[in-house]
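Below is one structure; the comments refer to it alone.
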Amino acid sequence: DLGPKYLKLSERTTVALQMLGEKQKGDYLLIPAQFGLTHRGRSVRRVRVVYAPHEFGLGSFIAGCMILTHPERLVEWEQLHIDCPGDEYSPDADGRFSRAPYFYWYDGGVEFHAYGVDSAHALYCYVSAFLPQ
């Protein structure tokens with residue numbers, strides 16, 4: 001399930017997107033972002049601690065849009081899986097948001113899943129964005 005009891009934006013991401021929305025008027029937000037190499041191989045928990053002062057994690061909706069506009073990013077298993085540290089996931093909808101969603105290539109297509117925020121692996125990277133300075 002992906003309702004609000006299961007999936008929510010982190011507080012840091014929510015605040016950053018609100019700040020961007022206040023500065024940019026119109027139907028679209030332009031967000032300077034990176035597709036994961038900056039934090040490759042870390043756990044979600046660690047990434048959330050070592051953000052640059054103007055950096056914030058992206059959630060699965062924005063990451064999914066990035067994948068749609070850059071389909072070459074996920075076309076084989078050996079590519080880095082894309083974690084979404086801007087989202088928090090509660091597998092039991094019990095208020096404990098202990099996981100984060102990620103995208104990866106598997107069996108000929110892009111898959112979406114969530115795993116614990118303490119896990120670190122060399123095949124995982126994290127999408128993040130930056131507030132203008």
Side-chain angles (χ1 to χ4, degrees):
D1 286 303
L2 294 177
K5 290 182 179 180
Y6 292 91
L7 186 68
K8 68 177 184 173
L9 282 174
S10 70
E11 183 177 341
R12 183 181 184 110
T13 298
T14 299
V15 169
L17 291 174
Q18 287 173 344
M19 290 172 63
L20 285 169
E22 291 169 3
K23 292 183 180 194
Q24 297 181 30
K25 301 301 177 198
D27 294 332
Y28 305 97
L29 287 179
L30 298 177
I31 305 171
Q34 62 89 27
F35 230 142
L37 291 178
T38 302
H39 299 294
R40 182 167 91 186
R42 294 178 171 151
S43 70
V44 171
R45 185 180 308 282
R46 183 69 184 146
V47 168
R48 290 175 178 163
V49 170
V50 299
Y51 286 136
H54 62 288
E55 184 179 17
F56 60 98
L58 293 175
S60 53
F61 178 78
I62 294 174
C65 291
M66 291 170 68
I67 293 166
L68 287 172
T69 60
H70 296 81
E72 73 282 357
R73 181 58 184 79
L74 282 177
V75 295
E76 61 186 66
W77 174 255
E78 291 80 15
Q79 289 177 299
L80 294 174
H81 306 326
I82 301 169
D83 278 278
C84 307
D87 274 348
E88 299 174 356
Y89 182 72
S90 175
D92 298 319
D94 60 3
R96 293 183 316 146
F97 290 85
S98 59
R99 296 185 182 192
Y102 68 99
F103 294 92
Y104 62 104
W105 182 265
Y106 182 75
D107 199 25
V110 175
E111 298 277 335
F112 183 70
H113 197 19
Y115 75 99
V117 296
D118 293 325
S119 301
H121 193 283
L123 278 179
Y124 293 89
C125 65
Y126 305 86
V127 289
S128 63
F130 306 89
L131 293 170
Q133 294 190 19

*asked:* To check you understand the geometry: which heavy-atom pair defines the closest contact between Leu20 and Pro132, and what is its length?
replied: CD2-CD, 3.8 Å
*Show which residues join Leu68 in its hydrophobic cluster (side-chain heavy-atom contacts under 4.5 Å, direct or indirect), or state none.*
none
*Connected via hydrophobic side-chain network under 4.5 Å: Val75 and Ile82*: no
*What residue pairs, at least two apart or across chains, pass salt bridge (charged side-chain N to carboxylate O under 4.0 Å, His left out) with a residue in residues 47-63?*
none
*Which heavy-atom pair separates Pro101 from Ser60 by the least distance, and what is that distance?*
CG-CB, 4.2 Å
*Check: Thr69 side chain, Met66 main-chain N or O, donor-acceptor pair, under 3.5 Å*: yes
*Residue among Leu9, Ile31, Val15 satisfying side-chain contact (heavy atoms from CB on, under 4.5 Å) with Phe56*: Ile31
*Quick one: salt bridge (charged side-chain N to carboxylate O under 4.0 Å, His left out) pairs with a partner in residues 115-133, sequence neighbours left out?*
Arg45-Asp118
Give every donor-acceptor pair under 3.5 Å between a side-chain atom in residues 91-99 and any protein atom, sequence neighbours left out.
from  : atom 1 : to    : atom 2 : distance (Å)
Asp94 : OD1    : Ser90 : OG     : 3.2
Asp94 : OD1    : Arg96 : N      : 3.0
Asp94 : OD2    : Arg96 : NE     : 3.2

_Restricting to side chain to side chain contact (heavy atoms under 4.5 Å, CB included), what partner residues turn up for Val49, sequence neighbours left out?_
Arg46
*Considering residues at least two apart in sequence or located in another chain, which fulfil the ring-ring contact (aromatic ring centres under 6.0 Å, His included) criterion with Phe112?*
Phe103
*What are the two closest heavy atoms between Gly57 and Pro85, and how far apart are they?*
CA-CG, 3.9 Å
*Between Leu58 and Thr13, does a side-chain contact (heavy atoms from CB on, under 4.5 Å) hold up when you go through it step by step?*
CA-CA 7 Å; Leu58 293 175; Thr13 298; 5.6 Å; no
*asked:* Which residues pass the side chain to side chain contact (heavy atoms under 4.5 Å, CB included) test with Arg40, not counting sequence neighbours?
replied: Leu37, Leu80, Cys125
*Write out all pairs satisfying ring pair (Phe, Tyr, Trp, His ring centres under 6.0 Å) with one or both partners inside residues 3-36, taking only residues at least two apart or from two chains.*
Phe35-His70
*Looking only at atom types and distance, does a side-chain atom of Thr38 sit under 3.5 Å from a main-chain N or O of Gln34, one as donor and one as acceptor?*
no
*Pairing residues for Leu30 by the side chain to side chain contact (heavy atoms under 4.5 Å, CB included) criterion, not counting sequence neighbours*: Gln24
_What's the separation between atom CG in Leu17 and atom CG in Leu29, rounded to the nearest 0.5 Å?_
7.0 Å
*asked:* Taking transitive links into account, so neighbours of neighbours count too, which hydrophobic residues share a cluster with Tyr115 at under 4.5 Å side-chain distance?
replied: Val44, Val47, Tyr51, Trp77, Tyr102, Tyr104, Tyr106, Val117, Leu123, Tyr124, Tyr126
_Same apolar cluster (I L V M F W Y, side chains within < 4.5 Å links), Phe130/Ile62_ = no
*Applying salt bridge (charged side-chain N to carboxylate O under 4.0 Å, His left out), which residue pairs with at least one partner in residues 66-90 are found, sequence neighbours left out?*
Lys8-Glu88
_Thr14 side chain to Ser10 backbone, donor-acceptor under 3.5 Å_ = yes
*Would you list the pairs meeting salt bridge (charged side-chain N to carboxylate O under 4.0 Å, His left out) in which at least one residue belongs to residues 9-26, sequence neighbours left out?*
none
